[in-house]
**Student:** 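Shown below is the structure under consideration.
As the structure is a computational prediction, the values presented were derived from the model and not from experiment. Order of the sequence lines sets the chain letters (A, B, ...), proteins ahead of strands, with each chain counted from 1.
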Amino acid sequence: MDMDFFKAKDTITVAKALLGTLLTYDHLGQQYAGYIVETEAYLGQIDAASHAFRGKRTVRNEALFAPSGAIYIYQMRGLYLLNVITAAKDTPEGVLIRGIEPVINLTQMIENRHGQKGINVTNGPGKLCQAMALHTLSYNGKRFGEVPLDIEVDHRAVPKTVLAASRIGVPNKGEWTEKALRFYVAHNPYVSKLPKKMMDFKTRGWQTDESTNF
DNA sequence: TTGACGATGCCCT
DNA sequence: GGGCATCGTCAAA
C-alpha cells in the first residue's frame, strides 16, 4: 500500500477514498481480494463511539494509536473486525471496513462462510473477515503491505456515487449516533443492510466495468 | 423481505 | 460480571 495515500487527508476523506480500492489477503496458499464498498470513520478521542473515546488506551485498542497505514483488528463475539489507521501516531482515528465485493476466490470465501452465498458472503465487517479467513490479532500495529494483508489503492474501481449515512450499531451516543460517518458505494449489493430495491446487480454502482481495471 | 432477539467470546472494571 | 463498531434465525406480512 502506498503510504502517500494518507497524505493531507483527514479520516473522513480517507474513509471515502478507500471505497473502490482492493483489499487483498494471502493465507494458507489461498489468495483473497475484494473491492471495498462500505466504510465507517471513527474520530478518536472526541468520538463517543470510538474505542479511544476520551483517550482510553488499553491492550485491546493499542493499535489505534499507531501511525496512518497501520492495521487495527479486534474481536467481537468471536468475530474479527478490520480497521485502517488514518492519522498520526498517538492520534487514535481509524476507518472500519464494513463491506467488500468479492473479486478473487469467491469459491473459498463461500466455504469459509460455512456455505452462505451471494451478498451474505461479505456484506458485513465480521462476515468479510471470516470470508477471507482473516482470524488473527497478530497483524495489529503492523502496516498494510508489511504483512500478507494489503490494500491496493492504484488498481481500483471508481464509484459512480458515494453516499453518507449514520453508523450502524452505535446506539445512545447522542450526536455521535446521528452523524453521517458511514460511507458507501450507492446501489452496491454488498453494502450491509441496504434495502433490496436499492441494489443494482448489473453496474453494482461503479462508473465503468471495473473488471477492466484489473 | 424486513425487523426483532438471543447466542456468543473476550476485554475491561 | 458487565458490555459490546455482530450474525443468523425466526416469525409475520
**Student:** Of the nucleotides C/dA5, C/dC7, C/dT9, which has the atom closest to the A/Gln116 side chain?
**Tutor:** C/dT9
**Student:** Find the distance A/His51:NE2 to C/dG3:P and express it as a whole number of Å.
**Tutor:**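 These atoms are roughly 16 Å apart.
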**Student:** Answer yes if the ring centres of A/Trp176 and A/Phe53 are under 6.0 angstrom apart, and no otherwise.
**Tutor:**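 Not under 6.0 Å, so no.
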**Student:** Tell me: CD1 of A/Ile168 to P of C/dC7, nearest whole Å?
**Tutor:** 9 Å
**Student:** Classify the side-chain pair A/Asn112/A/Tyr32 by whether it contains a donor and acceptor separated by less than 3.5 Å.
**Tutor:**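 Indeed, the side chains of A/Asn112 and A/Tyr32 share at least one donor-acceptor pair under 3.5 Å.
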**Student:** For the side chain of A/Leu96, starting at C-beta, report the closest nucleotide among B/dA7, C/dA5, C/dC7.
**Tutor:** C/dA5
**Student:** Specify the separation, in whole Å, of atom OH of A/Tyr80 and atom C1' of B/dC11.
**Tutor:** 13 Å
**Student:** Nearest 0.5 Å, please: how far is CZ in A/Arg54 from CD in A/Gln45?
**Tutor:** 11.5 Å
**Student:** Rounding to a whole Å, what distance do you find between A/Leu64:CG and C/dA5:P?
**Tutor:**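 Distance, rounded to whole Å: 12 Å.
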**Student:** So what does A/Asn83 touch, heavy atoms closer than 4.0 Å: a base, only the sugar-phosphate, or nothing?
**Tutor:** base
**Student:** For a quick check of understanding: with a heavy-atom distance under 4.0 Å over all strands, which category does A/Arg60 fall into, base, sugar-phosphate or nothing?
**Tutor:** sugar-phosphate
**Student:** To the nearest angstrom, how far is A/Lys197 atom NZ from B/dT2 atom C1'?
**Tutor:**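 So the two atoms are 11 Å apart, to the nearest Å.
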**Student:** In whole Å, I'd like the distance from the CD1 atom of A/Ile73 to the C1' atom of C/dA5.
**Tutor:**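 My rounded result for the distance is 15 Å.
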**Student:** Respond yes when some side-chain nitrogen or oxygen of A/Arg98 is under 4.0 Å from OP1 or OP2 of C/dT6, and no when none is.
**Tutor:**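 For C/dT6, OP1 or OP2 has a side-chain N or O of A/Arg98 closer than 4.0 Å.
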**Student:** From CZ of A/Arg57 over to P of B/dC12, roughly how many Å is that when rounded to an integer?
**Tutor:**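 It works out to 13 Å between those atoms.
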**Student:** A/Arg113 near the nucleic acid: base, sugar-phosphate alone, or nothing, with a heavy-atom cut-off under 4.0 Å?
**Tutor:** sugar-phosphate
**Student:** Quick check: on DNA chain B, is the nucleotide nearest A/Arg77 upstream (toward 5') of the one nearest A/Leu194, or the reverse? Name the residue that is more 5'.
**Tutor:**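 So the residue in question is A/Leu194.
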**Student:** Could you please spell out the steps behind the salt bridge (Lys or Arg N to Asp or Glu O under 4.0 Å) verdict for A/Lys160 and A/Asp200?
**Tutor:** CA-CA 12 Å; A/Lys160 186 180 277 179; A/Asp200 181 346; over 6 Å; no
**Student:** Mind checking who C/dA5 pairs with, Watson-Crick or G-U wobble, both distances under 3.5 Å?
**Tutor:** none
**Student:** Just one of A/Val37, A/Val84, A/Leu81, A/Asn83 clears the side chain to side chain contact (heavy atoms under 4.5 Å, CB included) bar with A/Ile97, so which one?
**Tutor:** A/Val84
**Student:** Would A/Tyr42 count as stacking on C/dA5 if stacking means ring centres less than 5.5 angstrom apart and planes tilted under 30 degrees?
**Tutor:** yes
**Student:** May I have the distance from A/Lys127 (atom NZ) to C/dA5 (atom P), rounded to whole angstrom?
**Tutor:** 18 Å
**Student:** Evaluate side chain to side chain donor-acceptor pair (under 3.5 Å) for A/Thr24 paired with A/Glu152, printing each intermediate quantity in order.
**Tutor:** CA-CA 8 Å; A/Thr24 65; A/Glu152 299 193 13; 4.6 Å; no
**Student:** Return the nearest nucleotide to the side chain of A/Leu79; candidates are B/dT2, C/dC7, C/dA5.
**Tutor:** C/dC7
**Student:** Output the single nucleotide from B/dT13, C/dC7, C/dT6 whose closest atom is nearest the side chain of A/Lys56.
**Tutor:** B/dT13
**Student:** Please determine, for the side chain of A/Thr58, which listed nucleotide (B/dC11, C/dG8, C/dA5) has the closest atom?
**Tutor:** B/dC11
**Student:** Using a cut-off of 4.0 Å on non-hydrogen atoms, how would the nucleic acid contact of A/Gln75 be classed: base, sugar-phosphate, or nothing?
**Tutor:**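 Counting heavy atoms under 4.0 Å across all strands, the contact made by A/Gln75 is with sugar-phosphate only.
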**Student:** Side chain of A/Pro125, heavy atoms from C-beta onward: which of B/dT1, C/dT6, C/dT9 has the nearest atom to it?
**Tutor:** C/dT6
